[in-house]
Undergrad: 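I have a structure I would like to understand better, so I am pasting it below and will then ask my questions one at a time.
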Amino acid sequence: MTVQDSLPTSSPVVQIKNLHKSFGSNHVLRGIDFTVDQGEVVCVIGPSGSGKSTLLRCVNLLEMPQEGQVIVRGEDLTDPDCHLDAARQQIGMVFQQFNLFPHLSVLANCTVAQTTVHKRRASEAEQIARANLSRVGLDDKVTAYPAQLSGGQQQRVAIARALSMDPALMLFDEPTSALDPELVGDVLTVMRKLALDGMTMLVVTHEMAFAREVADRVVFMDGGVIVEQGSPAEVIGNPQQPRTQDFLRRVLNPTHVEPT
Amino acid sequence: MSAPHDTVERRGLSPRQRARRSRLIQYAILVLLVVFAAISADWGQIGKVFFEPKFIEAAFRDGLLSALVKTLEYTAGAFVIGLIGGTLLALMRLSSVGPYRWVATAYIEFFRGLPAIVVFIAFSLLPLAFEGMTIPWDPYGVVWLALGIVAAAYMAEVIRAGIQAVPKGQLEAARSLGMPPGLATRKIVLPQAFRIVLPPLTNDLILLVKDSSLVFIIGTSATAYELTGFGRELANTYANLTPLVTAGFCYLLITLPLGIVVRRLESKAARTR
Ligand SMILES: Nc1ncnc2c1ncn2[C@@H]1O[C@H](COP(=O)(O)OP(=O)(O)O)[C@@H](O)[C@H]1O
Ligand SMILES: [Mg+2]
């Protein structure tokens, strides 16, 4: 937390400049520019295949962009001299498929990186892990193994695991898309609480109600570019671009069939 | 869909009935063979040659148990070497560094293609080729090395498959927590990979138990004899096969439980998948 305090509050947590990413001849990200400010919650929406996951994975350099810069808290992660592992410690990531470590207990999932990467003492790591598990409402699952948990519980453990590293920024890639509908609410509640606590969050989601309520800003992506961004009221409530309007019509009204 | 129906009507037998009939015929043949063998065999002679109690007793007296222990020691040491070497080779094969990959591939292909007995002969000749050369912890050092070198090649391929079977998201989750690649491999990927390959690795262990019988080629002293060497020598001494059969049962005593363990592990893995 000390680094965070020493930074001027006005400087953005994430700054993305002219980001390009291709897989072979598939040009997925075609020049993305945007920033996420301290304490801001930004929701990224857009059709499947538009490059949302790729964008998120570029923010912690799980994917290496071919062009452009990813600057997290003043540090350019695309710089070859950047210490990536150190930079990633301040970026928590929550995956669609949870990716919990199945061979470790819930508690160990939340301590393994603390003790090895942060070199915290076991007792300290455990205390931090328990506090975060309690934050996501899973105090009673500390000794369980991932396979014994429901999808919603697993995803909440994944959030606690990321929080245990004291990240300055949390990335969420469709965190509720793999969940049974009745379990979505628990995870969104945890995320809502996190946003209220002032966490800086970048969230890829199809949950429009969540975006409308929690996001400070909504970014609509299509075809590897940002088509439109602004407050939820603007982008979701009153979209200006035809592509945004078209997407929202389909998402908000999934059973509606276009007359042809 | 109509073809099987036609056949059923023509022959008057359903496929299931036909399968049952063929099974009955096979049982009948088997029973006949057993009865024939039982009538024609000279049971007294067979008992005397293979299962003579006084030679079983002699085997125990002359050190069957210590031979059993030797076999276990040889196998265990070789397994450890194979496991460590195999893991290193597997990681080299999956490395992004070309030369590591090439060396590992060459090693694995070479020692997998070579009969273990050739490696043992080579080790038996080493002291001749390089004068004064000694391998420490005689005879364990030579045995462990010879068996372990071959085992590492087999186990490397098994372990590599296990590493590749760990979902990619696991490594990504570890890296996203700031773990460097080596740490993520050790703490997250390898433990899961070993869980996946536990059944085939146990199979390799069974093969190693049996391969340890090749030790006699190195020509270790009689005290170093493991089960096969021990059984063979006693059988020669008494001109009777009983000690060898006894030694053989000792192998089963080791391998059968291991086989049960493998099947347990496999069915458990199948259930959790
Ligand atoms: N590792 C990869 N290798 C090759 N192509 C990929 C890879 N990851 C994503 N893509 C491609 O990039 C495009 C965008 O994918 P993605 O970022 O997952 O979209 P979204 O998350 O918006 O659905 C897709 O066409 C997809 O096939
Ligand atoms: Mg996606």
Side-chain angles (χ1 to χ4, degrees), chain A residues 53 56-57 59-64 77 83-104 108-119 125 129 145-148 154-155 157-173 178, chain B residues 83-84 86-88 90-91 94-98 155 158-202 261-262 264-273:
Chain A
S53 296
L56 216 62
R57 293 160 59 83
V59 173
N60 67 357
L61 272 256
L62 277 184
E63 301 289 357
M64 174 66 82
L77 305 197
H83 193 332
L84 256 188
D85 294 320
R88 283 190 182 125
Q89 291 165 29
Q90 33 174 348
I91 309 173
M93 183 150 192
V94 176
F95 301 84
Q96 187 174 347
Q97 300 296 338
F98 329 136
N99 293 350
L100 289 185
F101 307 133
H103 61 299
L104 299 179
N109 262 277
C110 298
T111 56
V112 64
Q114 289 192 67
T115 51
T116 54
V117 176
H118 278 333
K119 307 265 187 256
Y145 278 79
Q148 300 167 311
Q154 289 192 47
Q155 193 60 299
V157 173
I159 294 173
R161 175 176 73 178
L163 289 177
S164 295
M165 298 300 282
D166 295 333
L169 163 73
M170 286 285 286
L171 308 174
F172 293 84
D173 189 1
Chain B
L83 202 59
I84 295 170
T87 306
L88 286 177
L91 290 173
L94 295 171
S95 163
S96 54
V97 183
M155 288 157 92
V158 170
I159 295 168
R160 177 185 60 84
I163 292 174
Q164 286 179 316
V166 176
K168 220 174 81 218
Q170 291 293 310
L171 188 62
E172 290 183 347
R175 298 304 305 278
S176 78
L177 289 167
M179 290 191 183
L183 183 65
T185 303
R186 258 185 303 125
K187 288 279 179 186
I188 305 302
V189 177
L190 282 184
Q192 294 183 56
F194 277 118
R195 227 155 268 214
I196 294 169
V197 298
L198 211 50
L201 274 187
T202 313
V261 168
V262 173
R264 285 263 169 83
L265 291 172
E266 277 171 348
S267 69
K268 194 175 149 206
R271 270 203 310 278
T272 53
R273 204 170 288 137

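Chain A is the first sequence line, chain B the second, and so forth, proteins listed ahead of strands; every chain is numbered from 1. Below, each value reflects all heavy atoms present in this structure, side chains not excepted, and no hydrogens, waters or symmetry copies. Computed from a prediction, not measured in an experiment: that's the story for all the values here.
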Undergrad: Need one label for B:Ala184: side chain, backbone, both or neither, based on atoms under 4.5 Å from any heavy atom in chain A.
TA: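 It is neither, since no heavy atom gets under 4.5 Å.
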
Undergrad: Give, as side chain, backbone, both or neither, the part of A:Phe95 having an atom under 4.5 angstrom from any heavy atom of chain B.
TA: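 Only the side chain of A:Phe95 comes within 4.5 Å of chain B.
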
Undergrad: Looking at every non-hydrogen atom in both residues, tell me the closest pair between B:Ala173 and A:Phe101 and how far apart they are.
TA: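 Closest heavy-atom pair between B:Ala173 and A:Phe101: CB-CE2, 3.9 Å.
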
Undergrad: Do you know which of A:Ala158, A:Ala87, A:Ala162, A:Pro102 has the most heavy-atom pairs under 4.5 Å to chain B?
TA: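 Top count of heavy-atom pairs under 4.5 Å with chain B: A:Pro102.
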
Undergrad: List for me each residue that meets side-chain contact (heavy atoms from CB on, under 4.5 Å) alongside B:Leu94, sequence neighbours excluded, and say none if there are none.
TA: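 Per chain and number, B:Leu94 pairs via side-chain contact (heavy atoms from CB on, under 4.5 Å) with B:Arg160, B:Ile163, B:Gln164.
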
Undergrad: Which bit of A:Leu62 is near chain B, if near means a heavy-atom gap under 4.5 Å: side chain, backbone, both or neither?
TA: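 The side chain, not the backbone.
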
Undergrad: If I measure from the heavy atoms of chain A, does B:Leu183 come under 4.5 Å with its side chain, its backbone, both, or neither?
TA: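 For B:Leu183, the side chain is the part near chain A, not the backbone.
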
Undergrad: Does any heavy atom of chain B fall under 4.5 Å from the side chain of A:Leu61, the backbone, both, or neither of them?
TA: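 Neither part.
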
Undergrad: Note each donor-acceptor pair with a separation under 3.5 Å, taking one atom from chain B and one from chain A.
TA:
| from | atom 1 | to | atom 2 | distance (Å) |
| --- | --- | --- | --- | --- |
| B:Gly169 | O | A:Asn99 | ND2 | 3.2 |
| B:Gln170 | NE2 | A:Leu100 | O | 2.8 |
| B:Glu172 | OE1 | A:Arg57 | NH1 | 2.9 |
| B:Glu172 | OE2 | A:Arg57 | NH1 | 3.4 |
| B:Glu172 | OE2 | A:Arg57 | NH2 | 2.7 |
| B:Arg175 | NH2 | A:Asp85 | OD1 | 3.1 |
| B:Lys187 | O | A:His103 | NE2 | 3.0 |

